[in-house]
Amino acid sequence: MHETLTAPKAEPETRMAQVPAQLELSLQGALNLALDEILAEDPKALVLGEDVGTLGGVFRVTSGLAAKHGAERVFDTPLAESGILGMSIGLAMAGFHPIPEVQFDGFAYPAVNQIVCQLGRMNYRSRGTLPMPVTLRVPSFGGIRAPEHHGESLEALFAHVPGLKVVSPSDPQQGYSLLKAATRMPDPVIFMEPKSRYWQKGQVVLEGSGAAGTARGGAANDGGGSPSSSDLTGARIARAGRHLTLVAWGAMVARCLQVAELAAEDGIDVEVLDLRWLKPIDAEALATSVGKTRRAVVVHEAPRTSGLGGEVAQIITERCFATLKAPVERVTGFDVPYPSGDLEDEYIPNIDRILFGIQRVLEYKRG
Amino acid sequence: MHETLTAPKAEPETRMAQVPAQLELSLQGALNLALDEILAEDPKALVLGEDVGTLGGVFRVTSGLAAKHGAERVFDTPLAESGILGMSIGLAMAGFHPIPEVQFDGFAYPAVNQIVCQLGRMNYRSRGTLPMPVTLRVPSFGGIRAPEHHGESLEALFAHVPGLKVVSPSDPQQGYSLLKAATRMPDPVIFMEPKSRYWQKGQVVLEGSGAAGTARGGAANDGGGSPSSSDLTGARIARAGRHLTLVAWGAMVARCLQVAELAAEDGIDVEVLDLRWLKPIDAEALATSVGKTRRAVVVHEAPRTSGLGGEVAQIITERCFATLKAPVERVTGFDVPYPSGDLEDEYIPNIDRILFGIQRVLEYKRG
Amino acid sequence: MQTSGQSTTAHGRAGLADAPRPPLSDLPSVEPVTGSDLVELYRLMTAVRHLDLAAISWQRQGIVPAYAPELGQEAAQVGSALAVDPKRDFVFPTYRELGVARACGVDMVEYMSTHKATWHGGLWNPAETHVAPIQAVVAGSVLHAVGWAHGQTLEAHGELPAEGYNVAITYLGDGASSQGDVHEAMNFAAIFKAPVVFFVQNNGWAISVPTERQVAGGSVAARGAGYGIPAIQVDGNDAAAVLTATRRAVAHARAGQGPAIVEAMTYRRGPHATSDDPGRYRSLEDERLDAGADPVARLRERFVAEGIADAAALNEADDAAAAEAERVRRGVLALGGRPGAEMFDLVFQEPTDELLRQKANWQAETEWHEESEHA
Amino acid sequence: MQTSGQSTTAHGRAGLADAPRPPLSDLPSVEPVTGSDLVELYRLMTAVRHLDLAAISWQRQGIVPAYAPELGQEAAQVGSALAVDPKRDFVFPTYRELGVARACGVDMVEYMSTHKATWHGGLWNPAETHVAPIQAVVAGSVLHAVGWAHGQTLEAHGELPAEGYNVAITYLGDGASSQGDVHEAMNFAAIFKAPVVFFVQNNGWAISVPTERQVAGGSVAARGAGYGIPAIQVDGNDAAAVLTATRRAVAHARAGQGPAIVEAMTYRRGPHATSDDPGRYRSLEDERLDAGADPVARLRERFVAEGIADAAALNEADDAAAAEAERVRRGVLALGGRPGAEMFDLVFQEPTDELLRQKANWQAETEWHEESEHA
Ligand SMILES: Cc1ncc(C[n+]2csc(CCOP(=O)(O)OP(=O)(O)O)c2C)c(N)n1
Ligand SMILES: Cc1ncc(C[n+]2csc(CCOP(=O)(O)OP(=O)(O)O)c2C)c(N)n1
Ligand SMILES: [Mg+2]
Ligand SMILES: [Mg+2]
């Protein structure tokens with residue numbers, strides 16, 4: 001019954017040998033594969049949450065994992081998010097590497113006490129003797145016409161919490177590589193999955209496929225190699241450009257790439273920076289990009305006030321003040337509750353609003 | 001037993017006649033007096049929380065209120081913050097004006113789900129038919145060598161939440177006037193009381209004392225009149241100055257005033273802006289002040305990353321980019337858990353660190 | 001623990017008899033249900049059955065993007081709702097309470113607007129109907145009911161009014177019972193002796209998780225004893241039994257005796273929501289064995305057996321229900337979207353300057369967009 | 001409800017007999033406590049009593065800024081702690097568990113460092129001592145105990161080891177029992193059959209709120225039945241009874257039977273903390289009537305009555321305790337502050353660049369300050 005808790009040694013190699021070096025996968029599929037590999041490689045890894053077992057998760061990210069790795073290692077919990085996080089913390093104290101899921105972003109709120117006061121502080125409180133290698137998966141952001149509380153953006157909250165690291169992938173490759181990187185870290189990571197991108201496909205170069213890249217950042221990812229671990233620590237250039245930097249993360253990266261194509265038609269060469277890590281923020285990458293373009297727009301779905309856009313804008317301003325041609329623009333959600341499906345296209349930064357932001361920066365005149 | 005639920009009509013006038021127009025009060029005393037007056041004036045007002053009844057609160061802010069206004073209107077709850085907030089929401093739906101307390105900032109986290117998903121959204125969800133006139137009192141910030149979780153700064157979290165208004169008083173007059181203003185609002189207000197200032201005394205001009213001022217902002221407050229309601233909606237100039245604007249709120253206002261005095265010895269004339277409202281932020285006041293001084297430093301106790309300082313700095317930059325002489329500086333807590341008493345003076349922005357921030361702005365050279 | 005795909009069933013094949021029962025409660029007894037109660041139950045349950053099935057087909061036709069069926073829970077929902085008086089009492093539903101809302105007189109087009117993605121919470125007026133907005137947070141409104149109920153005793157200044165207290169009824173599922181808020185709510189309610197009824201629909205499942213892996217001890221009602229709250233477990237597919245049990249609980253609260261719990265043992269016959277695929281976690285055979293008798297068919301059989309109403313009368317109810325579903329369909333189709341300005345206007349009673357500024361910017365950019373589309 | 005100042009008492013004047021009791025539990029029975037158990041209990045309780053009283057005086061002398069006394073809870077704390085084996089089991093204390101920590105071998109200077117404001121959580125090594133850091137969030141670590149306990153069964157791959165499971169014991173108060181996390185923890189523990197003991201010190205008060213306005217139904221142990229968790233309520237001032245009850249609960253969990261609850265009915269004889277003023281909510285007369293017999297004196301009397309130890313042996317324990325308290329006092333006085341760099345270094349296992357940058361800035365500004373002070 002419990003023989004699968006420690007994965008048999010031979011299994012991973014066998015399986016790895018069967019998969020090709022590169023696959024076309026959806027983000028959902030890439031995350032599922034990453035979890036499969038993590039469970040095979042790390043006998044201490046556990047997946048837990050509401051409906052993650054038999055059902056395989058409401059987004060099927062954990063599909064098949066319980067059957068393959070055992071119902072002890074991939075298990076459903078009762079319906080209580082504080083319980084899921086509190087239990088994960090205790091499992092980490094017992095030497096496990098839990099990968100809990102909260103089913104939707106809006107249901108992370110009941111777990112905030114455990115996340116802020118416990119998950120983020122146990123290593124500190126215990127003077128490093130009780131590390132918290134916990135990766136909390138949070139299907140995040142809007143765009144799927146879902147019920148209330150199923151489309152929240154909590155990155156500003158998470159990024160403010162001492163003791164947490166926060167990351168959000170923007171495509172299948174990022175999802176696969178960043179999830180594996182996060183689960184190998186000895187510290188707690190909040191992993192924000194852009195749910196509107198779950199079914200979006202892309203090429204994914206697998207680890208150990210021999211095609212692993214060595215160069216840093218975008219080059220490695222675009223060049224077809226699987227990102228090496230040093231590629232996964234900072235931001236990445238999703239599209240190089242000269243006139244202006246669009247900074248985004250999660251689902252907004254794809255939208256910004258679309259905007260960049262449209263802007264290119266008007267001769268505006270936009271660089272798109274996929275921030276990836278929302279804590280720590282890659283200030284160097286921001287400074288390098290905006291140092292070159294001298295103009296920046298930050299885009300996020302979360303409400304504007306006290307959103308992470310303010311932080312990103314201020315980091316850019318601190319580093320590039322002397323060369324900035326215009327104040328950094330923010331194109332964001334409004335200071336309103338995430339609206340019902342009918343209105344979500346009015347709420348989420350759309351192409352027009354991002355183009356307006358770009359225009360304001362380009363047309364900015366001092367005084 | 002329940003006769004005190006609606007305060008007898010004659011009582012307030014009697015009491016008001018006995019108190020002079022102006023009193024020397026601690027912040028704690030000023031808040032206590034404000035609650036006393038609110039309970040007398042508004043028969044729907046209720047005070048609830050842990051130990052707020054018989055004990056009068058661990059900081060004595062609710063001292064004597066249960067005895068005077070009845071144990072039905074000022075009552076202890078079981079020890080559960082989500083329960084306190086959830087119950088307050090239901091009481092508001094029943095037509096009451098609850099003034100809940102969470103005992104310390106760090107114990108607001110268990111209530112975050114109710115605050116974010118319910119308190120902030122009920123008016124919206126119900127299309128304005130179920131208003132939430134709830135004022136949540138949160139003894140906030142550090143500086144009293146307290147146990148863990150007793151010195152948190154949650155303003156960045158609260159300010160990001162749609163549907164909430166957030167305010168923090170910096171002295172007894174502000175405490176008295178802003179608490180009365182907050183409790184009269186038809187919307188939810190988070191009222192962040194700087195606990196390290198509770199015992200600090202100051203002159204408080206009472207409402208209805210005939211001395212009510214008419215001018216806006218600092219002038220009114222400094223001039224001895226009780227602020228009129230229009231004085232209470234935005235930021236206030238706590239000290240006028242020409243060379244640089246220090247922006248602060250809560251307990252940091254007093255520290256910034258000290259810094260301003262020290263800087264004056266070196267001929268630097270610092271303006272101190274007491275932001276007061278952390279949502280909505282008074283962008284006009286920031287623009288006016290920094291438009292004049294051309295330099296700004298934001299000071300807060302919360303961790304730096306994703307703190308409200310980023311938002312404030314970005315608002316200033318958006319409005320004053322053309323005239324700013326240097327990027328806005330942030331002097332803040334570090335991205336670490338609030339430390340134990342022995343280290344709190346290393347964590348909270350101290351006079352030296354604020355002076356360093358001022359120096360960096362004054363010495364800033366482009367390029 | 002199971003490994004995948006196959007699940008043990010919620011109630012076991014023996015059905016309700018196996019479920020643990022709390023000790024006999026001290027709830028007051030009430031008048032037995034009358035023939036006209038039964039007719040009213042049938043009329044409403046039939047209407048709800050039609051609307052519920054219709055909503056599923058509307059989802060398939062693309063009229064609404066999603067829906068959470070309540071198939072099989074008609075008796076629990078209608079039976080409990082008929083026990084309260086929405087003129088004075090207050091009802092706190094979850095996202096699955098079509099039957100409750102219908103029985104309490106909520107306009108069904110306004111109700112369906114939530115599922116049409118028009119407005120979170122629904123378009124009806126909760127202050128007037130005394131039915132709170134749809135609550136998408138599991139257990140999110142259980143504490144609100146306690147607060148509202150405590151407000152009734154405050155309003156009465158501790159003197160039990162002649163007509164008793166107004167009562168809050170809050171709905172929750174077996175899954176919801178795991179949330180900490182439910183514990184806090186029950187404890188607060190008992191401490192404050194608040195006139196509130198916790199109505200649990202134990203429908204065997206929380207999405208894919210069966211009750212026995214959710215509710216330790218096996219019964220939510222059994223938790224009542226630990227708080228000193230009287231609790232009653234009832235066959236949730238027997239409308240008359242649900243009505244009686246809930247009336248007893250309401251009578252208890254109304255009389256100033258404090259909170260009560262009713263646990264209706266029922267079965268979620270459909271998927272969790274239209275996006276769900278129950279085949280991944282239970283077999284059709286499981287469903288057949290666990291679901292028990294259909295509550296609507298059961299009531300109909302009782303009518304025939306007891307000669308309360310004849311087939312013609314029952315068919316009339318069916319026809320009325322079909323006609324109503326069609327009317328609602330047309331209403332839902334005709335339902336326009338809400339103006340985007342409401343995003344800003346309905347956040348606060350007193351909007352902030354910053355919000356007005358954001359609204360103005362949004363308007364300017366939207367108008368530009370609309371103009372350019374017309375051009 | 002009371003209006004102010006005066007309170008009804010926690011247990012009523014009749015004392016423990018009035019408290020409701022859960023149904024007889026099905027916990028395994030254990031060997032009766034031995035004479036040497038009793039001597040060990042007395043030795044530890046005496047040490048704890050001395051340390052606790054000393055800590056209050058240290059606070060008055062300004063040696064520590066604050067302290068939360070456990071006066072009157074020595075039997076509950078030492079009795080329960082002696083039932084577990086900190087070599088293999090894991091202990092999750094609150095902020096009032098001086099007695100538990102002492103009994104589990106935590107260095108008392110490292111323990112007191114929390115109250116000296118040196119380091120939140122204390123300076124001892126929780127991974128080595130198997131005593132978790134001090135938890136200042138009420139009910140904050142109850143779920144951790146469940147997780148740790150579930151980890152033990154996972155580690156054992158579901159096969160009960162010959163020596164049984166390692167057991168987690170988590171401490172909570174009557175006030176803490178109101179938190180939602182406690183419900184989630186008990187439900188999770190029962191669902192997963194986790195080897196965890198919930199040890200409740202019902203000391204009559206949560207700061208100023210007496211148990212009867214906190215714990216609806218009157219007993220935390222009584223909640224166990226609702227989860228199917230065996231529970232036992234015990235006279236918390238009788239050290240031997242506490243030891244036996246906790247040993248039964250631990251034996252149950254160790255044997256793979258799942259969680260158990262022990263509720264020790266005791267009394268917080270002192271203020272909530274040194275900053276508290278109990279005179280605002282209870283009278284000295286209340287205290288005298290409610291506190292019952294002093295647990296340390298009671299054990300001492302038993303020794304004399306049963307002839308287990310003579311006065312000389314007991315006095316020896318007293319002297320040893322006094323000497324220990326003095327050693328700890330000197331240790332606390334000598335305890336230096338922690339270097340500020342630890343603020344940054346201990347946040348993560350792998351610090352971020354941003355944190356290192358902040359540390360460097362802090363260092364630069366601090367050095368400037370120190371230099372200027374020396375100048
Ligand atoms: C706090 C929270 N967590 C998770 C969810 C996602 N979710 C929606 S319904 C549901 C299952 C609820 O089960 P139950 O309470 O039994 O009600 P039922 O769906 O059976 O009517 C879950 C997990 C949610 N809505 N709220
Ligand atoms: C979540 C939370 N809310 C509030 C507090 C403040 N507080 C500290 S101790 C306490 C009372 C706790 O009572 P109880 O659980 O009975 O333990 P005791 O103090 O009696 O040992 C309160 C309200 C806290 N520490 N944590
Ligand atoms: Mg259910
Ligand atoms: Mg207590």
Side-chain angles (χ1 to χ4, degrees), chain B residues 1-2 4 50-58 60 63-68 70-72 74-83 103-104 106-107 109-110 144-150 303-305 332 334-347 350-353 355-357, chain D residues 1-7 65-66 68 95 113-121 134-140 173-181 206-209 213-216 272 275-277 280-281 337-338 340 342-344 346-347 352 354-355 358-359 362 364-366 368-369 372:
Chain B
M1 191 180 176
H2 291 258
T4 46
E50 295 156 13
D51 307 292
V52 299
T54 311
L55 179 64
V58 292
R60 307 290 184 266
S63 184
L65 300 178
K68 183 161 173 192
E72 292 69 41
V74 181
F75 59 94
D76 292 334
T77 64
L79 207 176
E81 290 76 12
S82 190
Q103 200 161 76
F104 287 88
F107 311 132
Y109 295 118
I144 61 163
R145 285 174 79 77
E148 200 179 358
H149 315 292
H150 292 64
R304 178 185 181 91
T305 296
T332 68
F334 303 109
D335 289 354
V336 308
Y338 191 93
S340 192
D342 274 3
L343 288 172
E344 77 182 359
D345 290 342
E346 305 283 331
Y347 173 86
N350 57 31
I351 290 179
D352 284 337
R353 284 178 56 216
L355 284 170
F356 269 117
Chain D
M1 262 181 206
Q2 61 191 89
T3 46
S4 81
Q6 309 211 17
S7 84
Y95 44 86
S113 64
T114 296
H115 300 295
K116 207 190 176 195
T118 313
W119 193 260
H120 288 323
I134 282 179
Q135 178 60 254
V137 181
V138 156
D174 44 297
S177 76
S178 295
Q179 288 284 345
D181 272 12
I207 307 188
S208 72
V209 179
R213 285 196 282 141
Q214 181 79 249
V215 181
H272 170 72
S275 56
D276 184 31
D277 173 11
R280 292 176 71 95
Y281 53 84
R338 304 306 311 169
E342 287 188 352
M343 279 200 299
F344 305 92
L346 294 174
V347 179
T352 64
E354 168 62 22
L355 210 46
Q358 293 185 13
K359 180 182 171 187
W362 165 82
E365 294 184 355
T366 306
W368 175 88
H369 179 76
S372 72

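Because the structure is a prediction, the values reported are computed rather than measured.
Contacts between D/Ala206 and chain B at a heavy-atom distance below 4.5 Å involve backbone atoms as well as side-chain atoms. Heavy-atom distances place both the backbone and the side chain of B/Glu81 under 4.5 Å from chain D. Neither the backbone nor the side chain of D/Lys359 comes within contact range of chain B, judged by heavy atoms closer than 4.5 Å. Looking at D/Ala216, there are no atoms closer than 4.5 Å to chain B (heavy atoms on both sides), in backbone or side chain. Using a 4.5 Å cut-off between heavy atoms, B/Val74 does not touch chain D at all.
Below 30°, between 30° and 60°, or above 60°: for B/Phe107 and B/His150 the angle between ring planes is above 60°, a perpendicular geometry. Between B/Tyr347 and B/Phe334, the angle of the ring planes goes over 60°, which puts this pair in the perpendicular group of the 30/60° scheme.
Heavy-atom pairs under 4.5 Å with chain B were tallied for D/His115, D/Glu342, D/Gln358; the largest tally goes to D/Gln358. Ranked by heavy-atom pairs shorter than 4.5 Å toward chain D, the options B/Asp335, B/Asn350, B/Leu343 are led by B/Asp335. Between chain D and the residues B/Ala80, B/Ser63, B/Pro78, the largest count of heavy-atom pairs under 4.5 Å involves B/Pro78. Heavy-atom pairs under 4.5 Å with chain B peak, among D/Thr118, D/Asp174, D/Val209, D/Leu355, at D/Thr118.
No donor-acceptor distance shorter than 3.5 angstrom exists from the side chain of B/Asp51 to the backbone of B/Val58, with no hydrogens or angles considered. At least one donor-acceptor pair closer than 3.5 Å links the side chain of B/Gln103 to the backbone N or O of B/Glu50.
The pair B/Asp342-D/Arg338 does not count as a salt bridge, with every side-chain nitrogen at least 4.0 angstrom from each carboxylate oxygen.
B/Leu55 approaches D/Asp276 most closely through the heavy-atom pair CD1-OD1, 4.2 Å.
Partners of B/Arg353 according to the salt bridge (Lys or Arg N to Asp or Glu O under 4.0 Å) rule, which considers only residues two or more places apart in sequence or in another chain, are D/Glu365.
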